[in-house]
Number of protein chains: 2
Amino acid sequence: MNLKKHIRIIKDFPKEGISFKDVESLLEHPEAFDFIIRSFAAKCMTQKINKIVALDARGFIFGGALAREMGLPMVMVRKKGKLPGETLKVSYDLEYGTNECEMHVSAIKKGDNVLMIDDLLATGGSAAAATELVKKLGGHVAYYGFVIELKSLRGRSSLAPEAEIVSLVKYED
Amino acid sequence: MNLKKHIRIIKDFPKEGISFKDVESLLEHPEAFDFIIRSFAAKCMTQKINKIVALDARGFIFGGALAREMGLPMVMVRKKGKLPGETLKVSYDLEYGTNECEMHVSAIKKGDNVLMIDDLLATGGSAAAATELVKKLGGHVAYYGFVIELKSLRGRSSLAPEAEIVSLVKYED
């Protein structure tokens, strides 16, 4: 399926010069969403995984549906202050300033082998921070799943080198 | 299925005196998540709906999986500043101050009959604001689906009176 034809491009968002790839327009097409979930499940079968880690907030859309498809638990990486229990936090750099994300310490057990899901791989900052959380809690990232990858931003280089990266739609720039 | 036994209660979050019901603990049990999605689909069949509206951010987990189950498009209500296209905004009151949420104006077409999904019904402020957005864009809320309802906060009274409210787990206080 040609997913690209369902992705709306919005110029100059979030700032001038950026062409934003809008994941919401994919969700307008149930057959595209279904194809995405089936594709992730099919491409992440070589290594045995036992948990989905989904990134706040659009990663939840795909992570939840994929967890159900694969019959696996899903845990969240959230922006700071959203999780009620004991958490582990990590900061990461943005273009201007820093951001913080966190996970429940109980969300990852030692030896967990996870598939991490987000809608988009850009610079990889948030996925790298989430990887750090998983590793500090004793887990291992076996796969990353992204609906869209913006290749020119070289986000792959920030991710766990031993993990397999599955991106379904690639843009050169 | 007794979903309550999978819901972790965390005392004094987000502030003293509040017992937070943690939806993430439900997601640790794939059979519970599957039961939730099947229950929503089964209970929202009397009226014909053509779209799922999911609320930022935990609503996305359930909204996405349910959209896939029902073969329907999903659209998002987001906190302000997150959507790239032309949006409609609405403010709503919080205990202290106000919040703002928005939708793409293209997300709802005149005559759309929607099922609105969130994890939790508390005071109903965010669902009521999202309802206003749907109505202003010419849509109609046929159902609300909440995993958890906190009955003592009387959120039902803020919602569209003609809609059917499906909540799967009820707490009296």
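Just so we're on the same page: letters track the sequence lines, and every chain starts at 1.
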Donor-acceptor pair, A/E24 side chain versus B/V75 backbone, under 3.5 Å?
no

Let me check something: do B/I52 and B/L168 share a hydrophobic cluster, defined by ILVMFWY side-chain heavy atoms less than 4.5 Å apart, either directly or through other members?
yes

Spacing of B/M74 atom CE and A/F33 atom CZ [to the nearest 0.5 Å]
7.0 Å

Under 4.5 Å from a heavy atom of chain A, the part of B/K51 involved:
neither

Contacting region of B/F13 [heavy-atom separation from chain A under 4.5 Å]
side chain

Closest heavy-atom contact between A/R78 and B/A57?
NH2-CB, 3.4 Å

Check each atom of B/L83 against the heavy atoms of chain A and say whether the ones under 4.5 Å are side chain, backbone, both or neither.
both

Top residue by heavy-atom pair count (under 4.5 Å) with chain B, among A/S106, A/P30, A/S25, A/A32?
A/P30

Answer key: most heavy-atom pairs under 4.5 Å with chain A among B/G85, B/G59, B/A65 is B/A65

Given the rule that I, L, V, M, F, W and Y join up when any side-chain heavy atoms are under 4.5 Å apart, are B/V166 and B/F35 in one cluster?
yes

If you measure from CZ on A/R68 to CG on B/L27, what distance do you get to the nearest 0.5 Å?
12.5 Å

Could you see if A/Y143 belongs to whatever hydrophobic cluster contains A/F146? Use Ile, Leu, Val, Met, Phe, Trp, Tyr and a side-chain cutoff under 4.5 Å.
no

Looking only at heavy atoms and a cut-off of under 4.5 Å, which of A/D12, A/I37, A/D56 has the most pairs with chain B?
A/I37

If you count heavy-atom pairs under 4.5 Å with chain B, which of A/K82, A/E28, A/M76 comes out on top?
A/M76

So which part of B/P84 gets closer than 4.5 Å to some heavy atom of chain A, the side chain, the backbone, both or neither?
both

Of B/K79, B/R58, B/M70, the largest count of non-hydrogen pairs under 4.5 angstrom with chain A goes to B/R58

How far does CD1 of B/I61 sit from CZ of A/F62, to the nearest 0.5 angstrom?
13.5 Å

Within a radius of less than 6.0 Å around NZ of A/K170, do more than 12 heavy atoms belonging to other residues, nucleotides or ligands occur?
yes

Sort B/I10 into side chain, backbone, both or neither according to what part of it lies under 4.5 angstrom from a heavy atom of chain A.
side chain

